[in-house]
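Scroll down for the structure; my scribbles are underneath it.
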Amino acid sequence: MKEIALVLLTIIIAPIIGGILTGIDRKITARMQNRFGPPILQPFYDLFKLFSKETIVVSSTQILYAFLFLVFNMVALVMFVLKMDLLLILFILAFAVTALILGAMSTNSPYSRIGAHRELICVLAYEPVLIAVIIGIYFVTGSFKINDVIKHNNFLIFELPFIFIAFTYVLTIKLRKSPFDLSTSHHAHQEIVKGITTEFAGPILGLIELGHWYELVLLLLFIGLFFAKNIIVAIIAMLLGYFLEILIDNISARLTWKIMLRLTWSIALGLALVNLIWVYIRYRVL
Amino acid sequence: MIFRKALKKSPWIVHYDCNSCNGCDIEILSTLTPVYDVERFGIINVGNPKHADILVVSGSVNHRNARVLKNIYDQMPHPKAVVAIGACACSGGIFKECYNTLGGVDTVIPVDVYVPGCAPRPEAIMEGILKAAEILEEKKKNMKKGEILNAAKS
């Protein structure tokens, strides 16, 4: 009974937090560009407006894929809140992205397809790093379960500092922030019309937007996992991490996919592997 | 509260330049710069008619671009509004009697807000877009009755 209440609470509260965080993101971005900026509730206005518009679909399977994107993100977040398996959460997140890619590929629009191909390259870039993050957590705590990770008697960041850096590095791809917002990007900036979301319109686009909010909350919780020993420190770390992403978003220009792949696989994966070897020798060999 | 104001507070615009002399075009682009900060009203310039609520058109319509303009308008989901920027888009301007010119934007698609001037100031353009955003709400009410959908078909 308690778990059902927790699940319902998560499903209701997460998009509210995600929307407010997105609104704060837009406000901070505006202040950094010396503008006044939209109200903090602006993402909610956008979402309700999208839901009140006419539905236009190019192929009817698009609706299913957009819905699956939302549902998989929701399931991943609920699993995180219920403190279940980290590896499974990662796979379900990958399913969510796959649903989005299939939705974009199900149309004949070239813009949407280029977006989908770029999203595939993004997945290729960040997925090994995310798996390295989870393997690192496993080496330290001896379990994939979040329940055991939280019970670990030290801050994970002290044992996995490089992996944390690698994770924040790929977070820019996952949150579609500036240096690596290849497939699509949030609000004003465009990427080949609108990249992967070109063919989604009205309420269907609203579903994807909602899915992004769930994803945002989940990824911030992943940052919190590194500071799980103390909940206040964890929340501060999440907010600081999000602020860092906004800062990077505003000070950098978009890079090409080649540079993205090269940088992620050399720097981020390299840092993660160094940390993995260090942790492996410390916990498994010694 | 949020539900009722949503349409008015988040107009996303798509901008099409039909053969304008670049004067109105430059003014529209300067409206979108951080100096005037249209994002504080929720206005966002999207490149995709499928995401847009308001079509901002500058310049007179001729036989070449009438098809393109109609196509962009048809791709936008209801409720949608059109803002004609500048004298040429409103009536054809100095090109009105030319053999290749059809006239203003309203010869091809229904126009909701006219912003006259050669070229209009960014403040006027901004006001025009915000007027169009208010019209969206009325259109939404009519949409429920099915009036606009039927009107579009006929």
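A donor-acceptor pair is defined here as one N or O able to donate and one able to accept, closer than 3.5 Å; such a pair exists between the side chain of A:K53 and the backbone of B:A52. Listed for the B:H51 side chain is no donor-acceptor partner under 3.5 Å among the backbone atoms of A:E199. Here the side chain of B:N48 pairs no donor or acceptor atom with the backbone of A:K194 at under 3.5 angstrom.
Within the 4.5 Å cutoff, side-chain heavy atoms of A:D46 are placed close to those of B:W12. At least one side-chain heavy atom of B:S10 sits under 4.5 Å from a side-chain heavy atom of A:K49. Two residues are said to be in side-chain contact when any heavy atoms from C-beta on lie closer than 4.5 Å; A:V58 and B:K50 meet this criterion. Between B:H78 and A:I56 there is no side-chain heavy-atom pair separated by less than 4.5 Å. A 4.5 Å side-chain heavy-atom check between A:S52 and B:L7 finds at least one atom pair inside the cut-off.
Nearest heavy-atom pair, B:K9 versus A:Q42, reported as atom, atom and distance to 0.1 Å: O-NE2, 3.3 Å. Closest non-hydrogen pair, A:Q33 versus B:P34, comes out as O-CB, 4.3 Å. The two atoms that bring B:A6 and A:Y45 nearest to each other are CB-O, 3.6 Å, heavy atoms only.
Within the model, atoms CZ of A:F36 and CZ of B:F41 stand 10.0 Å from one another, a figure rounded to the nearest 0.5 Å. Annotation: the span from A:R26 atom CZ to B:R40 atom CZ amounts to 14.0 Å, rounded to 0.5 Å.
Residue B:E123 qualifies as enclosed at atom CD: its count of foreign heavy atoms under 6.0 Å is above 12. Open room surrounds CG on A:N34; 12 or fewer heavy atoms of other groups in view lie less than 6.0 Å from it. For CZ of B:R121, the number of neighbouring non-hydrogen atoms (other residues, nucleotides, ligands) closer than 6.0 Å is 12 at most. The environment of OH in A:Y111 is sparse: at most 12 heavy-atom neighbours from other residues, nucleotides or ligands sit within 6.0 Å. In the displayed structure, A:F51 atom CZ is contacted under 6.0 Å by more than 12 heavy atoms of other residues, nucleotides or ligands.
Both the backbone and the side chain of A:T197 come within contact range of chain B, judged by heavy atoms closer than 4.5 Å.
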